[in-house]
Every structure is written in C-alpha cells, then in structure tokens.
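Written below as structure tokens is the structure these notes are about.
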Amino acid sequence: MLVTGNDILIPARAGKYAVGAFNTNNMEITQAIIHTAEKLRSPVMVQMSEGAIKYGGQDLADIVIDLAQRSTVPVALHLDHGSSYDSALKAIKMGFTSVMIDASHYPFEENVHETRRVVEAAHAMGISVEAELGRLGGIEEHVVVDEKDAFLTDPEEAVKFVEETGTDYLAIAIGTSHGAYKGKGRPFIDLARIKRISELVSIPLVAHGSSGVPAELVQRFRDAGGEIGDAVGIADEDLQQAAQYGIAKVNVDTDLRLAMTTGVREVLKKNPKEFDPRKIFGPARDLMSQVVEHKMRVLGSVGKA
Ligand SMILES: O=C(COP(=O)(O)O)NO
Ligand SMILES: [Ca+2]
Ligand code: NA
Ligand SMILES: [Zn+2]
C-alpha cells in the first residue's frame with residue numbers, strides 16, 4: 001500500500017530498526033526494490049531525486065505509485081534532495097507521499113525558513129517532510145560541498161531546528177558522503193554524535209550517503225569492464241549500530257547503480273551477440289534485488305511490514 005514517510009519511519013525509530021530508502025530511475029530498479037520488500041515483508045521507501053524526475057517524470061512516478069498501491073507492504077514515494085519549495089510542491093502534485101527539502105547549505109535561519117514553508121504546505125496535504133541540518137561531504141545532487149565546508153550536525157542546534165521547523169524526520173551530517181568514495185579503509189561515521197542527537201531529538205533520523213559499496217561488487221564491476229578507483233562505503237555493522245541510535249531511514253543509491261551497471265556489463269561482455277533487452281536488463285534487476293535484500297537484512301526491517 002502507498003503510505004506516507006511517517007507511517008514507515010515512526011514505527012522504525014520506535015522499533016530500533018531502519019528502513020532502506022532506495023533511489024530509482026527506471027522500471028527495473030523500482031521492481032527490484034518493491035518486489036524484494038514484498039518477498040521479505042519489509043516496509044520500504046522508494047525515492048526519486050530531481051534528476052530522476054527530470055529523466056523519468058510522471059511516467060516513472062506513476063510506475064512507483066502503481067506498484068506501491070498494489071503492493072502488500074507499506075511503500076512511500078519520497079522526493080530525495082528537493083532543492084526548493086517549488087520542487088517539493090511539484091513532487092506532492094505528482095503524487096509523492098514524502099518530500100525532502102534540502103536547504104542545509106544555507107545559513108541556519110534560512111534553512112529554518114525554507115523548511116518551515118515546506119512543512120506547512122506538505123502537512124496541509126497530509127504529506128511528511130524530511131529536512132537536513134549539517135553538510136555532508138561529497139557531491140550532493142545540486143550542491144558541490146567540498147570537505148572543508150562539510151560540517152557535522154550539532155546536537156543542540158538540531159533540537160532548535162526541529163522545534164522551529166516541525167519537520168517530521170531529520171537528515172543529519174555524521175561523516176557519510178554521497179557516491180562511491182566515502183573515505184579510506186573503514187569510512188568514518190560518527191556513532192557517538194548520532195547517539196547524542198537521538199537522546200535530544202525524538203523524531204526519526206536519516207542517514208544519507210549510506211551505500212556499503214561492497215568490495216565484491218566493486219571487483220565484479222571492474223571484471224565486467226567497469227572503471228572505478230578505490231571505492232569504499234559504510235560498514236554494515238556501523239549501520240546496524242546507527243539504527244539502534246535512532247537512524248530510521250538509510251539512503252542507498254550508489255549500490256544500486258553499481259549493481260545495475262555490473263549486471264548489464266556482464267551480459268554484454270559475455271554475449272556480444274545479445275540484443276534482447278529482457279536478457280540485458282533482467283540479470284541487472286536480479287543483482288539489484290540481491291543488493292536490496294542484503295541492505296534490508298542489515299537494517300533489520302525484514303518482517304516488519
Ligand atoms: O544519500 C543518498 C545516496 O547515498 P549513496 O551515494 O551512499 O548511495 N541519496 O540521497
Ligand atoms: Ca544538503
Ligand atoms: Na532524502
Ligand atoms: Zn543524499
């Protein structure tokens with residue numbers, strides 16, 4: 001069933017598990033996400049960035065909405081990294097049931113102002129809101145935030161921000177960053193900071209930049225002809241710990257991108273004569289389903305639907 005983000009995330013925080021929020025850009029990715037959620041009886045959030053909306057538009061949103069409405073588990077359609085009030089409102093008109101307003105690169109007061117506007121409008125239409133305080137490193141969809149400008153979320157400021165905006169859930173900067181290169185060795189995630197914030201803020205917390213970038217997938221990507229540097233992501237154990245400390249939504253995009261691309265490359269490399277789209281995208285869909293399954297098991301959302 002199609003539900004709001006609150007319907008999924010409030011129980012998750014209370015139950016000390018996290019729910020995957022997986023980015024989609026086409027039918028196969030959407031199927032891998034929702035069919036796996038149904039197989040595992042897991043709630044799930046399917047998210048589209050502004051880039052995905054540009055690429056797939058209402059056609060793609062309707063695929064998600066239709067699968068969600070027919071699904072036997074709770075599914076929310078979420079706007080990832082909405083960059084403005086207008087973008088959030090447009091998504092709500094498209095049928096999204098959860099929207100992020102990402103104004104975290106603005107000064108505190110402006111972030112509060114922008115976020116509060118979206119919260120008022122979204123709540124008037126029964127839609128839940130994700131806001132962000134603090135700055136992740138790496139490339140955010142519409143903002144390049146370089147390391148020196150990245151700053152982690154201050155717990156006391158988070159209390160003030162939540163009170164002043166009324167946001168339903170809060171994305172916090174805890175050391176993670178978007179993309180395949182999250183650091184050296186075992187990328188840093190500030191578990192102490194998450195714990196501190198969760199003691200002061202009772203709404204569900206959101207971790208961005210949480211792909212695991214598993215070494216075996218990176219190797220398969222290379223073996224199939226992909227080129228990638230020394231990519232590394234967030235350790236499963238760190239995400240499990242974060243879920244104990246109030247992280248209820250975990251964003252995953254890079255792992256699905258690597259899985260889809262690896263699946264397609266392997267077919268084309270193995271069978272140069274292949275040009276049946278079902279034979280090219282089918283294995284990619286299966287590999288993405290495996291990635292989604294692994295993440296749901298790590299986050300503890302299996303059987304929670
Ligand atoms: O935060 C993300 C995705 O992060 P990854 O690049 O780690 O998948 N989307 O909003
Ligand atoms: Ca941001
Ligand atoms: Na988001
Ligand atoms: Zn993000």
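If you're wondering where the values come from, they're calculated on a predicted model, not measured in any experiment. Whatever order the structure lists ligands and atoms in, that order sets their numbers, starting from 1. Numbers for residues simply follow the sequence, beginning at 1. Because only heavy atoms are used, hydrogens play no part in the values below, and waters and symmetry mates are left out as well, while side chains stay in.
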*Please calculate the OE1(Glu132)-the Ca ion (ligand 2)-OD2(Asp102) angle and round it to 10 degrees.*
90°

*What are the atoms of ligand 1, with element, lying closer than 4.0 Å to any heavy atom of Lys182?*
5 (P), 6 (O), 7 (O)

_With heavy-atom distances below 4.0 Å as the criterion, list the atoms of ligand 1 near His178._
1 (O), 2 (C), 3 (C), 4 (O), 6 (O), 9 (N), 10 (O)

*For His208, counting its heavy atoms only, list the atoms of ligand 1 lying under 4.0 Å from any of them.*
1 (O), 10 (O)

_To make sure I understand the geometry: which N, O or S atom in His81 is closest to the Zn ion (ligand 4)?_
NE2

*Check whether any side-chain heavy atom of Ser42 lies under 4.5 Å from a side-chain heavy atom of Val73, and answer yes or no.*
no

*For atom 4 (O) of ligand 1, which of Gly209, Gly179, Gly233 has the closest heavy atom?*
Gly209

*Any side-chain donor paired with an acceptor under 3.5 Å for Asp168 and His123?*
yes

*Which of the ligand 1 atoms, numbered from 1, are nearer than 4.0 Å to a heavy atom of Thr254*: 5 (P), 6 (O), 8 (O)

*Give the atom name of whichever N/O/S atom in His208 sits closest to the Zn ion (ligand 4).*
ND1

*At their closest point, which heavy atom of Val19 faces which heavy atom of Leu299, and how far apart are they?*
C-CD1, 4.0 Å

*asked:* Testing Glu130, Glu132, His178 one by one against His81 for a side-chain hydrogen bond (donor to acceptor under 3.5 Å, both in side chains), which residue passes?
replied: His178

*Going only through I, L, V, M, F, W and Y residues with side-chain contacts under 4.5 Å, is there a path from Leu40 to Met1?*
no

*asked:* Pairs of nitrogen or oxygen atoms closer than 3.5 Å, one from Val252 and one from ligand 1: do any exist?
replied: no

*Based purely on interatomic distance, does Asp255 place a nitrogen or oxygen under 3.5 Å from a nitrogen or oxygen of ligand 1?*
no

*asked:* Side chain or backbone, does Asp253 bring an N or O within less than 3.5 Å of an N or O on ligand 1?
replied: yes

*Using a distance-only test with no angle check, is there a side-chain donor-acceptor pair under 3.5 angstrom linking Asp236 and His294?*
yes

*Number the atoms of ligand 1 from 1 as they appear, then name those within less than 4.0 Å of a heavy atom of His81, with their elements.*
10 (O)

_Using modelled atom types and a 3.5 Å cut-off, is there a donor and acceptor pairing between side-chain atoms of Thr97 and backbone atoms of Leu77?_
yes

*Angle class for the Phe161/Phe108 ring planes (parallel below 30°, perpendicular above 60°, tilted otherwise)?*
perpendicular

_For Leu205, is there any backbone N or O sitting under 3.5 Å from a side-chain donor or acceptor partner on Arg13?_
no

*Below 4.0 angstrom from a heavy atom of Asp80, which ligand 1 atoms are there? Numbered from 1 as shown, please.*
9 (N), 10 (O)

_Which atom name does His178 have for its N/O/S atom nearest to the Zn ion (ligand 4)?_
NE2

_Does this structure show an ion pair linking Glu199 with Arg196, if we count only N-O contacts that are shorter than 4.0 Å?_
yes

*Can you tell me if Arg257 has a non-hydrogen atom under 4.0 Å from ligand 1?*
no

*With heavy atoms under 4.0 Å as the rule, classify the contact between Ser49 and ligand 1 as side chain, backbone, both or neither.*
neither

